[in-house]
**Student:** 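What follows is a structure written as structure tokens; I'll ask about it next.
Any value given below was found using the heavy atoms of this structure, including those in side chains, with hydrogens, waters and symmetry copies removed. A note on names: the letters A, B, ... follow the listed sequences, proteins ahead of strands, and every chain is numbered from 1. Everything quoted here is computed from the prediction, not taken from an experiment.
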Amino acid sequence: MDFIQQLAEALSAYCGLQTEELVPLFEIPPESAMGDFAFPCFKLAKTLRKAPPVIAQELVQTIALPPFAARAEVAGGYVNFFIRPEAYATAVLSEIREKGEQFGGSAMGGGRNVCIDYSSINIAKPFHIGHLSSTVIGRSLYRIYEHLGYNCVGINHLGDWGTQFGKLIVAYQKWGEEETVNQGTVRALLHLYVRFHDEAEKDPSLEDEARAWFKRIEDNDAEAMRLFEWFKELTLKDVGRVYDMLDVHFDSYAGESFYNDKMQPIVDELNAKHLLKEDKGAYIVDLEAYNMPPCIVLRSDGASLYATRDLAAAVYRKETYDFAKSLYVVAYQQDLHFRQLFKVLELMGREWAQDCEHVAFGMVSMQDGTLSTRKGKVLFLEEVLQAAIEKTCATMEEKSPDLEDKQTVANQVGAGALVWNALYNNRIKDIVFSYDKALNFEGETGPYVQYTHARCCSVLRKAGRDSSIPEEIAYEALCDEESGKVIRALFAFPGAVRNAMEKNEPYLVARAVMALCQAYNKFYFDCRILGEKPAVEQARLALTAATKTVIATGLYLVGLRAPERM
RNA sequence: GCGCCUGUAGCUCAGCAGGAUAGAGCAACGGCCUUCUAAGCCGUAGGUCCCGGGUUCGAAUCCCUGCAGGCGCGCCA
């Protein structure tokens, strides 16, 4: 698997540069017919004071090719290296045989902790389509970091504090019933919340009542706390259904209320370090020197704010988990907030502020406008999931009516379509939600990948094999164009995983898995597997087993289940 | 007004730590199931890489000026 490393060593002798300097210069040519790896000579032109094509020519004539390389060709200013196909196949399949579903993983994390704040839902508010991004990006990063040897702490930073709970209590006491709320759960709470805002427009005194009730929560008043805890419990139970459907889990549910008693020390510290400044009655950290608006730490009435709470949370996480990295998977709207937060931490002398990162993602909207909880204009994620599952059921009824346990597979594929759709692009892109797109099962979709996995399983099953790769393989049977492309796609997978971690971009893994599926489906169409000569059949089965294993790993890292039949 | 982000095929996007003829999927049109899952495969058509400068042997990619859109900017979270 270290082809580039060895080619670089061979080059090093010629040009005098260190192997490590040469390795990153290598490229994959745009077409496989041009070679497996390319070395552009343009950068050497200056130091060697020769024209790139001349350097390329000399390189080809001078260097001693490692045994796995068939030949090197000059193409303009490039040297193109051709790897012996059987050497390529041997290297890739051997590594997958050894590592199995750990392929693409490593121990680079060294067991260090990574905190990942994701999903972070609001209590008493619906889990709507807009929460999908944070939930699945965070979960995917969790799995990618773990794959690379980190120990992750998944944190659901619950939005369980704020005046909205006062509003909710007022609404419940005026218009709610215990039974209705217990049955309707979050939907019922949402109705109350929406009604509060409608009525408050006519009668502003309701806002005062709400503030008074919230004050009672802050003061730990028994009745207020009972309702507050009840709302919280209802929401977590309700949302738990969606988390189960998505197979998402958390290590901590320490939310906003958890930090109530942890903010004072932060304020004291800011004060002691002379970072706090009084301004119009409020206390702020002036960030003008850093071209940012001030960070408000205390309101003029002395109450704490979002930033205060997040400062306390950041410090708590460092002290509790001693993280190597702390990620916040939150929409890009909060970009300024996080830049301020990290800057204040830095000013407090917390050097680890540089290990904190806002993993921002784009907005989700509907074709007819943005989502608004206050107006009750939301699309419940659970409804979308149900629709996806129903569509999957219908498809299966048509395509594979005899399948056992259709419901389980439908859940996996339906959820898979949504999750894949949310993770297939660069995080920062805005998404206009459409059922047509989210429930598409053809082309570059989750079901396509799951289908390819099931197809591999089917071939192996018919051959009476499992996904293990035999020691002895007729590698020369894997030298055709189609097999070669599958091998190359498998080879590219580990780099994609590392890259995804470094950039906190799950789509890099998704794209690598997609490329593998496309290569395999082409191979499957062009190359007969079962019933070929034994040596050929066995080699192609081994390639199928390797593909199945890597697709399964990729699906896991992105956050989808890998059904064996569908 | 200031700040952050985005602009590539009809649509959704990849490519952007500079490199070889700018790639996928969807939608459209045409083809492939008496052999391993057709949720698949193949083909056709479709592009002033937002405009203009600059850096470079070389720019979709880096820098600057515009234009268009999204988001944010003191007591919400």
**Student:** With sequence neighbours left out, write down each residue that passes side chain to side chain donor-acceptor pair (under 3.5 Å) with Asp436(A), or none if nothing qualifies.
**Tutor:**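 Scan of Asp436(A) (side chain to side chain donor-acceptor pair (under 3.5 Å), adjacent residues dropped) gives none.
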**Student:** Let's test your reading of the model: under 3.5 Å, does the base of C75(B) pair with the side chain of Ser300(A) as donor and acceptor?
**Tutor:**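 Counting by modelled atom types and ignoring angles, a donor-acceptor contact under 3.5 Å is found here.
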**Student:** So what does Ile296(A) touch, heavy atoms closer than 4.0 Å: a base, only the sugar-phosphate, or nothing?
**Tutor:**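 Since a base atom lies under 4.0 Å of Ile296(A), the category is base.
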**Student:** Asp402(A): what forms a side chain to side chain donor-acceptor pair (under 3.5 Å) with it, not counting sequence neighbours?
**Tutor:**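 If we apply the side chain to side chain donor-acceptor pair (under 3.5 Å) test to Asp402(A), skipping adjacent residues, there are no hits.
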**Student:** Looking only at the side chains, is there a donor atom on one of Ser257(A) and Asn260(A) sitting less than 3.5 Å from an acceptor on the other?
**Tutor:**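 Checked: Ser257(A)/Asn260(A) side chains show no N/O donor-acceptor pair below 3.5 Å.
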**Student:** Quick one: list whatever passes side-chain contact (heavy atoms from CB on, under 4.5 Å) with Pro29(A), sequence neighbours left out.
**Tutor:**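 Partners of Pro29(A) under the side-chain contact (heavy atoms from CB on, under 4.5 Å) test: Met34(A), Ala38(A), Asn80(A).
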**Student:** Judged by each residue's nearest nucleotide on RNA chain B, which is more toward the 5′ side, Glu398(A) or Asn291(A)?
**Tutor:**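 Result of the comparison: Asn291(A).
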**Student:** Please list all pairs meeting ring-ring contact (aromatic ring centres under 6.0 Å, His included) that have one or both residues in residues 512-533 of chain A, counting only residues at least two apart or in different chains.
**Tutor:**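 As it turns out, the ring-ring contact (aromatic ring centres under 6.0 Å, His included) pairs with a partner in residues 512-533 of chain A, which skip direct neighbours, are Tyr520(A)-Phe523(A).
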**Student:** The criterion is side-chain contact (heavy atoms from CB on, under 4.5 Å); which residues satisfy it with Thr19(A), sequence neighbours excluded?
**Tutor:**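 With sequence neighbours excluded, Thr19(A) shows a side-chain contact (heavy atoms from CB on, under 4.5 Å) to Gln5(A), Ala8(A), Glu9(A), Ser12(A), Val23(A), given in chain and number order.
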**Student:** Which pairs with one or both residues in residues 496-510 of chain A pass salt bridge (charged side-chain N to carboxylate O under 4.0 Å, His left out), sequence neighbours excluded?
**Tutor:**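 For residues 496-510 of chain A, and leaving out neighbouring residues, the salt bridge (charged side-chain N to carboxylate O under 4.0 Å, His left out) pairs sorted by first residue read Arg427(A)-Glu505(A).
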**Student:** What pairs of nitrogen or oxygen atoms, one from the protein and one from nucleotides 20-23 of chain B, lie under 3.5 Å apart?
**Tutor:**
| unit_1 | atom_1 | unit_2 | atom_2 | d |
| --- | --- | --- | --- | --- |
| A20(B) | N6 | Asn80(A) | OD1 | 3.1 |
| A20(B) | N1 | Asn80(A) | OD1 | 3.1 |
| A20(B) | N1 | Asn80(A) | ND2 | 3.2 |
| U21(B) | N3 | Glu31(A) | OE2 | 3.4 |
| U21(B) | O4 | Glu31(A) | OE2 | 2.8 |

**Student:** Which pairs pass ring-ring contact (aromatic ring centres under 6.0 Å, His included) with one or both residues in residues 394-429 of chain A, sequence neighbours excluded?
**Tutor:**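 Qualifying pairs: Trp420(A)-Tyr424(A).
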**Student:** Could you tell me whether Ile284(A) contacts a base, only the sugar-phosphate backbone, or nothing, with contacts defined as non-hydrogen atoms closer than 4.0 Å?
**Tutor:**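 Ile284(A): base contact, heavy atoms under 4.0 Å.
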**Student:** Go ahead and name the base partner of U6(B); Watson-Crick or wobble counts if both distances stay under 3.5 Å, otherwise write none.
**Tutor:**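 Pair assignment: U6(B) / A68(B).
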**Student:** Can you name the residues that form a side chain to side chain donor-acceptor pair (under 3.5 Å) with Arg511(A), not counting sequence neighbours?
**Tutor:**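 Testing Arg511(A) for side chain to side chain donor-acceptor pair (under 3.5 Å), a comparison that skips the adjacent residues, returns Asn425(A).
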**Student:** Look at all strands and tell whether Val413(A) reaches a base, only sugar-phosphate, or nothing, counting heavy atoms closer than 4.0 Å.
**Tutor:**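 Base, at least one base atom sits under 4.0 Å.
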**Student:** Answer yes if the ring centres of Phe26(A) and Phe37(A) are under 6.0 angstrom apart, and no otherwise.
**Tutor:**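 Judged by ring-centre distance (under 6.0 Å), Phe26(A) and Phe37(A) do not meet the cut-off.
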**Student:** Hey, does Arg339(A) reach any base, or is it just sugar-phosphate, or nothing, if we go heavy atoms under 4.0 Å?
**Tutor:**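 Here Arg339(A) touches the backbone only, sparing every base.
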**Student:** Got a sec, which residues hit side chain to side chain donor-acceptor pair (under 3.5 Å) with Lys277(A), two or more places apart in sequence or on another chain?
**Tutor:**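 Asp286(A).
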**Student:** Can you name the atoms? Protein N/O to nucleotides 55-60 of chain B N/O, anything below 3.5 Å, with the distance.
**Tutor:**
none

**Student:** Please list, for nucleotides 31-34 of chain B, all pairs of protein and nucleotide N/O atoms separated by less than 3.5 Å.
**Tutor:**
none

